[in-house]
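If you read the sequence from its start, that first residue is 1, and numbering goes on from there. Whatever order the structure lists them in is the order used to number ligands and atoms, beginning at 1.
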Amino acid sequence: MKKATIETTDPTLFGEAPARDERFCEKSQWVDCMNFPEDHPLKLLEFFHRQMNEEMNGVENAAQSLADFPSAEWEVRMCIARQCSDEARHVQMLRRIFENRGGKIGEFPVLNFQYRIIANLRELVSRLAVQNRSFEASGIDAVSFAIDDARENGDQELVELFEMQQADEITHVRFANEYIRDCIHKNPRVALQVARALTRASTAFMQVMGEEGTANVEYLVDERGRLEAGFAPEEVRVAFAQATNRRASHRAS
Ligand SMILES: [Fe+2]
Ligand SMILES: [Fe+2]
């Protein structure tokens, strides 16, 4: 049974939606999307469409941060500008593979929770903590798993797409890790801002995904990818332990 959409979400955690043309149908919860079972013939096609839109959220969030924080340090603004370009390339790569395999833009509903959650945060350091250090770091884990899966299925085109994407995402997480660490070093109170932003984002994320949307996450943590992305070994160990516990508790329930 579908859950009611509006009543279960706290509107203060979400900002405005990004602009989309009339081809797109935006949903606010995971349960209202087309969540095909693993063996469904449209599973992969729907994934390309969803991922393409998520990458679009990545472009929009990065561009919004450039527009909202014009006096941030030049180095971090340059990294964010490069990120805009990378994410735009990811949108194009996913659009190409989606259309080449028979997809039609807008044929599946999309979620825009990343933009709504992240652009709603007031400080640049909080946005980078949520977008890059949290959502995109989970993306590194997910893409590593997807590369293995594509390789097992003999889908070389997809292996190459994911490998290119993965290399870029690691750089996005790394510059955010460095910037956040530097900000906290200069002003330890920033750690509290970051913690508050992460708590709000994780509450909002759970309101979008629900138990159903996170129950079947099979991948754990790409330890090598996370170390390359600038996480400390201890942080990687904690992330790995959390992911293992989460998976074990879902399997037990
Ligand atoms: Fe991306
Ligand atoms: Fe990224």
Side-chain angles (χ1 to χ4, degrees), residues 18 20 24 44 46-69 72 75-99 103 105 110-119 121 124-147 149-150 157-181 194 197-198 201-202 205 208 217 219 221-222 224-231 235-236 239:
R20 288 289 178 276
F24 289 90
L44 191 58
E46 194 278 336
F47 168 78
F48 292 145
H49 190 264
R50 188 184 299 224
Q51 193 60 34
M52 176 195 71
N53 188 66
E54 285 193 13
E55 296 292 335
M56 195 62 218
N57 275 238
V59 180
E60 291 162 321
N61 277 123
Q64 193 65 56
S65 290
L66 278 184
D68 289 347
F69 304 101
E75 290 75 16
V76 76
R77 283 176 58 76
M78 276 302 289
C79 289
I80 298 172
R82 282 194 205 101
Q83 182 179 1
C84 286
S85 154
D86 292 342
E87 307 295 12
R89 193 157 25 79
H90 300 166
V91 175
Q92 287 172 330
M93 288 177 349
L94 283 152
R95 177 178 185 169
R96 202 173 308 124
I97 199 166
F98 172 70
E99 291 185 327
I105 298 290
V110 293
L111 294 169
N112 288 316
F113 66 88
Q114 296 98 326
Y115 183 82
R116 287 173 172 275
I117 293 172
I118 294 157
L121 298 168
L124 178 60
V125 69
S126 298
R127 291 193 193 178
L128 290 176
V130 174
Q131 181 180 2
N132 300 39
R133 196 178 192 273
S134 177
F135 288 171
E136 295 207 14
S138 300
I140 292 176
D141 304 331
V143 172
S144 292
F145 182 83
I147 290 172
D149 201 40
E157 184 189 20
L158 192 50
V159 170
E160 283 168 23
L161 184 153
F162 282 147
E163 282 180 343
M164 270 188 277
Q165 182 190 355
Q166 182 79 319
D168 291 334
E169 303 301 1
I170 285 175
T171 67
H172 304 160
V173 179
R174 189 165 54 213
F175 87 73
N177 263 326
E178 286 165 4
Y179 180 73
I180 294 163
R181 238 174 244 138
V194 167
L198 288 171
S202 116
F205 179 74
V208 172
V217 174
Y219 58 83
V221 163
D222 173 1
R224 214 181 65 188
R226 281 192 176 234
L227 287 171
E228 241 186 279
F231 284 97
E235 292 171 326
V236 176

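- Within the protein, the N, O or S atoms sitting under 2.8 Å from the Fe ion (ligand 2) are Glu87 OE2, Glu136 OE1, Glu136 OE2, Glu169 OE1, His172 ND1.
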Query raised in the report: Going through the distances and angles, do Arg133 and Leu128 end up as a side-chain contact (heavy atoms from CB on, under 4.5 Å)?
Result: CA-CA 6 Å; Arg133 196 178 192 273; Leu128 290 176; over 6 Å; no
Report task. Before giving the answer on side-chain contact (heavy atoms from CB on, under 4.5 Å), spell out for Gln131 and Gln83 the whole-Å C-alpha distance, their side-chain angles and the decisive distance to 0.1 Å. Result -> CA-CA 12 Å; Gln131 181 180 2; Gln83 182 179 1; 3.5 Å; yes
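- Not counting sequence neighbours, the partners of Arg116 by the side chain to side chain contact (heavy atoms under 4.5 Å, CB included) test are Phe14, Ala17, Glu26.
- The salt bridge (Lys or Arg N to Asp or Glu O under 4.0 Å) check on Glu160 picks up nothing, with sequence neighbours excluded.
- Under the salt bridge (charged side-chain N to carboxylate O under 4.0 Å, His left out) criterion, the residue pairs touching residues 49-66 are Arg20-Glu60, Glu46-Arg50, with sequence neighbours excluded.
- Residue Arg127 forms a side chain to side chain contact (heavy atoms under 4.5 Å, CB included) with just one option from Asn61, Ile117, Asp68, and that option is Asp68.
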